[in-house]
Number of protein chains: 2
Amino acid sequence: MEELITVLGEIKALFNRSLGELSIDCVVFGFHDDQLKVLLLRAKGSDSWMLPGGWILKTEHLEDAAYRILKERTGLDSIFLQQFYTFGANNRYNGKEIMARLGMPPEHNFFPERAVSIGYYALVEYSLVEPKTDFMTEECRWWDVSEIPELLFDHNDIASRALKALRKQFDHEALGFNLLPEKFTLIELQRLYETILGLEKDKLDRRNFQKKMLSYGFLERLEERKTGGAHKAPYLYRFDLEKYAAYQRENEL
Amino acid sequence: MEELITVLGEIKALFNRSLGELSIDCVVFGFHDDQLKVLLLRAKGSDSWMLPGGWILKTEHLEDAAYRILKERTGLDSIFLQQFYTFGANNRYNGKEIMARLGMPPEHNFFPERAVSIGYYALVEYSLVEPKTDFMTEECRWWDVSEIPELLFDHNDIASRALKALRKQFDHEALGFNLLPEKFTLIELQRLYETILGLEKDKLDRRNFQKKMLSYGFLERLEERKTGGAHKAPYLYRFDLEKYAAYQRENEL
DNA sequence: ACACCATTGTGTGATTGTGACACAATGATA
DNA sequence: TATCATTGTGTCACAATCACACAATGGTGT
């Protein structure tokens, strides 16, 4: 109970430093084990999960708020970030109901009646992330996107809209490299594409996929090969950001 | 001076009914004379132009706010509307400077220090719009997108981002029909595509363009032909929303 | 009334891009 | 050292896109 009071106090303090009705929600995507993952938090003393997020401070750039929140949850500084939608239905949630689900006294409801939330999705390298909780939560971990549970607020909507936005952009921009380690094999890249586009394994033809990827000219083949697998060692590749910028300049203008 | 005081009073009242830091800006596109147009407003007693917009009321859905603002400026109810970005840099404008440019006393600055604005673009049929001013403005008219003047706040950024978003979506969705009258000729449709995609006239091959458009199956050729031109009368076509929905279902899932 | 002319309606062949497909080389494993 | 799943690589068929020409038409101007 004492802890609860502390938490409520911290929330109130935070709220006073923030813009009040305006918050950010982040959908953090990672790729591991041929699966697309999302980072979720579980509230203290509750079995309800939610997206990482927070209020925007009064003096803060929108993007800085998103980076701040992501740094707190993942430990990472440099993250690919994309704003995808702003959610502002006036019935996004019921504050008292949420309080109850969080195991908090509804009469201390601290949620503003009307809240607008700006949605960002982030692409991170799975292995670099060290999920961290904050003062309101006691668990932070990756979930398979196909197994996301029922979330608090309208976070299921937000997550599915983020996925849709990711898929759409994925067709037109080379975003995948943000989800892979610096060195990767072409088959890993192919699995990533298949996973994100929702295709079954080997739906994409290996030869055609590799031909196409290499034809863009922004992948650099390293001398090094990946060893440790039980089979012929594949070449490693690197995504060359400068060549990608050149490619974009040629093909967009 | 008396009028100024009235205006400031109205602004204050509006602000109190709204969420304060949160506003909407609308980039309204129309098509006329083979040109893409944007609706702009000129502030009272000033030669500075800006986008239509307004604060979001405390009880309002985001989209409803956008529709309300559009109805007030254009007289139209049913409008194609698309949220495209939320602007929240903490230096989006300097309130006192804006007051000066509006010919208002800077010490009565009513702009919040920090404002977040949600950007929507709208596609409307040019001929149906009757541009209307509000209590803060004395002129509302169409501008050619290629001749947009320097705007107040960060509205030039917002407008150019809207155009970029429009072009991007235009490639993948049949949005153009929102900008045309119900009945149109294929050459009018072609000019629209050329204009929005920034191509010169007749860059698209007439036969190939028409073949492709008709192949989608959501255009219906009417018996009627368009007369009045000085030449052979072209067929009129209609965009069939139901057939378009069917087309989408087949090609997206 | 008639000739004029810009514009419409329509099909085919050339080019390019995409999708299907097979086999020899390799590197761990047993 | 044999095994075996996996890698690396090129060609052909098909589909999509692009380039292109000519007869019909409906106002315009005389």
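Residue numbers start from 1 in every chain, and the chains themselves are labelled A, B, ... in the order their sequence lines are given, proteins ahead of strands.
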Can we say [X] and [Y] salt-bridge, meaning some charged N sits less than 4.0 Å from an Asp/Glu carboxylate O?
| X | Y | result |
| --- | --- | --- |
| A/R238 | A/E220 | yes |
| B/E138 | B/R42 | yes |
| B/K183 | B/E224 | yes |
| B/R73 | B/D134 | yes |
| A/R191 | A/E194 | yes |

Tell me what [X] touches on the nucleic acid: a base, only sugar-phosphate, or nothing, going by heavy atoms under 4.0 Å.
| X | result |
| --- | --- |
| A/L186 | nothing |
| B/A233 | sugar-phosphate |
| B/K212 | sugar-phosphate |

At a 4.0 Å cut-off to heavy atoms of chain B, the contacted part of DNA chain C spans C/dA6 to C/dT12
Please figure out whether A/N208 or A/G228 has its closest DNA chain C nucleotide nearer the 5' end. A/N208
Does A/A230 or B/L236 map to a spot on DNA chain C nearer the 5' end, using the closest nucleotide for each?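 Its nucleotide being nearer the 5' end, the pick is B/L236.
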To the nearest Å, how far apart are A/L214 CG and D/dG10 C1'? 14 Å
Assess the residue pair B/E182 and B/Y237 against the criterion (side chain to side chain donor-acceptor pair (under 3.5 Å)); give the C-alpha distance rounded to whole Å, side-chain angles, the decisive distance to 0.1 Å, and a yes or no. CA-CA 8 Å; B/E182 199 195 338; B/Y237 288 79; over 6 Å; no
Strictly distance-based, threshold 3.5 Å: is any side-chain N or O of B/T74 a donor or acceptor partner for the main-chain N or O of B/L76?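 Checking the backbone N and O of B/L76 against the side chain of B/T74, a donor-acceptor pair under 3.5 Å is found.
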May I ask you to check whether B/Y244 and B/F177 place their ring centres under 6.0 Å from each other?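 No, ring centres 6.0 Å or more apart.
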Can you tell which of D/dT6, D/dG27, D/dG26 lies closest to the side chain of A/H231?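 Comparing D/dT6, D/dG27, D/dG26 against the side chain of A/H231, the answer is D/dT6.
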Residues in residues 189-207 of chain A with a heavy atom under 4.0 Å of DNA chain D, by number, are A/R206, A/R207
